[in-house]
Every structure is written in C-alpha cells, then in structure tokens.
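These values consider heavy atoms only, across backbone and side chains, with no hydrogens, waters or symmetry-generated copies. Not measured: the values here are computed from a predicted model.
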Amino acid sequence: MRDNVKSGALTEVTFFILLALYQARHGYAIMQFVEEKTNGRLMIGAGSLYGALDSLSKKRWITVHDDSDVRKKEYIITNEGKRVAERELIRIQSLACIAEDIIGG
C-alpha cells in the first residue's frame, strides 16, 4: 500500500477497505462492498486484499473481529482506523471544494 503518511492521503482502495469495515466483514464481502460501492470501477484481487488487510492490521487501523471460521476471518475497523478514515474524508472534501472553486462548480 502506498498511503502517504506524511500528507495523510490514503489510496482509494485503502479508504474503501476502511469504509467497508465499519461493519464486520470477511475478505470476499470486502471485495464485494468495494466493487458495489464503486459500480465496478475498483475491483480488488484476493492477493492484494489480504496484503492490504495485513498492512492495515499492523497499523492497528483494523482488527480481527471473528476468526472462529478459519476460511472466513472477519475484520472490523478500530477507533484509530475511524480517525484515519474521517481525516481522509475531510481531505477529500477540501480537495473537492478547491476544485469546485477553480472549475466553477
């Protein structure tokens, strides 16, 4: 994942994974959520998703919610992950305002 820690900018995929995990979900459900919410514009492969989940877990932005079924480990966003997602939303809204001012939205 190439999230920019210095500026706080997240990749779009990371942001959508965090959004997906406001509700506990397993990997395939996360992939479905992202594809559905972006109307198929973003599709995450299993390898990329599980690499991202591992990275987000190490950052403590997400945690395992239920791992009773080894094949369907569920994840959920942590409070720190929520703070990161909320900062990203504010950054995106600011970016949109600047663009609207320039473009004339």
Side-chain angles (χ1 to χ4, degrees):
M1 273 187 323
R2 293 177 286 168
D3 299 312
N4 189 337
V5 176
K6 187 174 182 181
S7 72
L10 301 178
T11 65
E12 191 172 10
V13 169
T14 297
F15 187 52
F16 271 99
I17 291 171
L18 291 176
L19 293 176
L21 293 177
Y22 270 77
Q23 175 181 326
R25 288 188 167 87
H26 56 79
Y28 184 69
I30 296 167
M31 290 188 287
Q32 288 179 309
F33 174 92
V34 173
E35 186 174 348
E36 177 187 313
K37 294 298 182 185
T38 64
N39 296 314
R41 186 176 52 79
L42 287 179
M43 295 172 57
I44 308 170
S48 296
L49 175 64
Y50 289 104
L53 292 173
D54 184 55
S55 177
L56 294 172
S57 291
K58 287 178 181 172
K59 292 178 180 181
R60 298 194 171 139
W61 294 357
I62 66 170
T63 191
V64 173
H65 176 68
D66 180 11
D67 62 357
S68 59
D69 183 347
V70 176
R71 294 172 296 143
K72 289 189 175 181
K73 187 183 293 187
E74 285 189 341
Y75 298 88
I76 195 154
I77 194 168
T78 63
N79 287 334
E80 178 61 22
K82 288 178 181 179
R83 282 190 286 275
V84 169
E86 290 164 7
R87 280 194 310 263
E88 181 65 0
L89 175 58
I90 291 166
R91 188 192 70 78
I92 291 168
Q93 289 170 331
S94 174
L95 177 66
C97 286
I98 292 166
E100 286 175 0
D101 285 346
I102 293 168
I103 295 170

Measure the spacing between [atom1] of [X] and [atom2] of [Y] and express it to the nearest 0.5 Å.
X	Y	atom1	atom2	result
Tyr50	Ile30	OH	CD1	7.0 Å
Arg83	Leu18	CZ	CG	12.5 Å
Ile62	Leu53	CD1	CG	4.5 Å
Gln23	Glu74	CD	CD	9.0 Å
Asp101	Cys97	CG	SG	7.0 Å
Trp61	Leu21	CH2	CG	13.0 Å

Any side-chain heavy-atom pair from [X] and [Y] closer than 4.5 angstrom?
X	Y	answer
Ile92	Phe15	yes
Thr63	Tyr75	no
Val34	Leu49	no

Any donor-acceptor pair under 3.5 Å from Arg60 side chain to Glu80 backbone:
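Looks like no, no N/O pair under 3.5 Å.
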
Between Ser48 (side chain only) and Ile44 (backbone N and O only), is there a donor and an acceptor less than 3.5 Å apart?
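A pair under 3.5 Å: no.
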
Are Val13 and Tyr22 joined in one hydrophobic group, where the rule is that I, L, V, M, F, W and Y side chains link up if heavy atoms are under 4.5 Å apart?
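Yes, Val13 connects to Tyr22 through the hydrophobic network.
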
With salt bridge (Lys or Arg N to Asp or Glu O under 4.0 Å) as the rule and sequence neighbours excluded, what pairs involving residues 39-55 come up?
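Every pair satisfying salt bridge (Lys or Arg N to Asp or Glu O under 4.0 Å) with a residue in residues 39-55: Glu12-Arg41, Asp54-Lys58.
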
Any salt bridge between Glu88 and Arg91, counting N to O under 4.0 Å?
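Arg91 and Glu88: salt-bridged.
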
What closest approach, in Å, do Ala24 and His65 show between heavy atoms, and which atom pair accounts for it?
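For Ala24 versus His65, the nearest heavy atoms are CB-CD2, 3.3 Å.
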
If you count heavy atoms of other groups shown closer than 6.0 angstrom to OH of Tyr28, is the number above 12?
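Open: at most 12 neighbouring heavy atoms sit under 6.0 Å from OH of Tyr28.
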
Partner of Leu56 under side chain to side chain contact (heavy atoms under 4.5 Å, CB included), chosen from Thr78, Ile77, Ile17
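Exactly one candidate clears the test, Ile17.
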
